[in-house]
Amino acid sequence: MTSIFTRIKDSITTDLHHLMDQKEQKNPIAALNHYLRQSEQEKEKVRKLVDRQYKLKEEFTKEYIQAKDMAEKRLRQASIAEKAEEQQMYEFAIKEHEEYQLRADRMKASYEEAAKQLETLEQKYEEMKHKLKDMHLRRMELMGRENIAKANYQMNKVVDSSAEKPYSKFAEMEGYIEGLEYKVNSAYYRTTFDSKIAKLEKEMEGKMEKEKESVE
């Protein structure tokens with residue numbers, strides 16, 4: 001029992017700050033859940049010990065009452081045998097009385113010790129329940145902080161990517177338009193080149209004719 005309590009004490013009273021320092025690990029919540037499961041198992045062992053101690057105390061009480069009643073019964077019988085001058089019966093009754101009285105005294109001491117141990121067990125058990133409750137609450141707090149951290153990370157990731165994508169799309173679209181504009185302008189220039197040359201040639205011919213006429 002002592003070794004179990006030592007193990008329970010070492011397990012339950014370990015400072016949670018040690019576990020909280022493991023935040024840099026891949027999954028601290030999983031480690032905390034594992035730790036709590038082990039602690040719950042230890043608490044269940046103590047609960048069973050408490051139940052067992054209750055039963056032992058009841059058994060000691062039962063044995064004490066029986067031995068006490070028999071001791072008193074044999075003492076009355078010894079008194080009757082003595083008055084009847086039945087020496088053999090008297091001696092038997094006195095001997096039985098002494099044995100039952102010793103048993104009753106022993107059971108009373110065992111009962112008192114069991115009751116004392118039970119009180120200690122109950123105190124430890126209640127302490128464990130409070131510590132485990134505190135651990136569960138602190139796990140909830142840690143999970144809340146982890147959720148906020150993950151949510152902020154995801155939102156920042158979305159916001160950052162959303163902030164970058166429009167500019168990248170604009171740059172891409174601008175490049176596409178410039179390329180398309182160049183192709184259209186080139187095609188337009190090629191299709192109108194002949195007509196422009198013909199017009200230019202006609203203008204030059206008209207100019208030459210006017211110059212010729214002015215010379216004459």
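Starting from 1, each residue takes its place in the sequence as its number. The shown structure was predicted, so the numbers you read here are calculated from the model rather than taken from an experiment.
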Take atom [atom1] in [X]; do more than 12 heavy atoms of anything else shown fall under 6.0 Å from it?
{"X": "Q88", "atom1": "CD", "value": "no"}
{"X": "K48", "atom1": "NZ", "value": "no"}
{"X": "E85", "atom1": "CD", "value": "no"}
{"X": "M89", "atom1": "CE", "value": "no"}

Looking only at atom types and distance, does a side-chain atom of N152 sit under 3.5 Å from a main-chain N or O of I148, one as donor and one as acceptor?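 Yes.
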Sub-3.5 Å donor-acceptor pair from the side chain of H97 to the main-chain atoms of R74, do we have one? no
Side chains of [X] and [Y]: does their closest heavy-atom pair fall under 4.5 Å?
{"X": "N33", "Y": "R139", "result": "yes"}
{"X": "M135", "Y": "M140", "result": "no"}
{"X": "E141", "Y": "R138", "result": "yes"}

With rounding to the nearest 0.5 angstrom, report the [atom1] to [atom2] distance, [X] to [Y].
{"X": "L200", "Y": "S195", "atom1": "CG", "atom2": "OG", "result": "11.0 Å"}
{"X": "R52", "Y": "L118", "atom1": "CZ", "atom2": "CG", "result": "13.0 Å"}
{"X": "K199", "Y": "T192", "atom1": "NZ", "atom2": "OG1", "result": "11.0 Å"}
{"X": "E181", "Y": "E178", "atom1": "CD", "atom2": "CD", "result": "7.5 Å"}
{"X": "E42", "Y": "L132", "atom1": "CD", "atom2": "CG", "result": "10.0 Å"}
{"X": "L121", "Y": "D51", "atom1": "CG", "atom2": "CG", "result": "10.5 Å"}

Tell me whether [X] is salt-bridged to [Y], with the criterion being a basic N under 4.0 Å from an acidic carboxylate O.
{"X": "K124", "Y": "E127", "answer": "no"}
{"X": "K129", "Y": "E126", "answer": "yes"}
{"X": "K73", "Y": "D69", "answer": "no"}

When you group the ILVMFWY residues by side-chain heavy-atom contacts below 4.5 Å and let the links chain together, are [Y] and [X] in the same group?
{"X": "L56", "Y": "M107", "value": "yes"}
{"X": "Y100", "Y": "I94", "value": "no"}
{"X": "M70", "Y": "L75", "value": "no"}

Only residue of M128, Q38, K131 satisfying side chain to side chain contact (heavy atoms under 4.5 Å, CB included) with K43 is M128
Yes or no on side-chain contact (heavy atoms from CB on, under 4.5 Å) for E112 and K116, after CA distance, side-chain angles and deciding distance? CA-CA 6 Å; E112 291 174 351; K116 184 177 178 181; over 6 Å; no
Name each donor-acceptor pair under 3.5 Å that joins a side chain in residues 57-68 to protein atoms two or more places apart or in another chain, with its distance.
unit_1: T61; atom_1: OG1; unit_2: K57; atom_2: O; d: 2.8
unit_1: K68; atom_1: NZ; unit_2: E72; atom_2: OE2; d: 2.9

Test side-chain contact (heavy atoms from CB on, under 4.5 Å) applied to V50 and R47, step by step: CA-CA 5 Å; V50 172; R47 186 192 66 77; 5.6 Å; no
H136/E40 under side-chain hydrogen bond (donor to acceptor under 3.5 Å, both in side chains): CA gap, chis, key distance, verdict: CA-CA 11 Å; H136 281 292; E40 289 288 353; 2.9 Å; yes
Mind running side-chain contact (heavy atoms from CB on, under 4.5 Å) on E96 and F92 for me, showing each step along the way? CA-CA 6 Å; E96 286 274 295; F92 174 82; 3.7 Å; yes
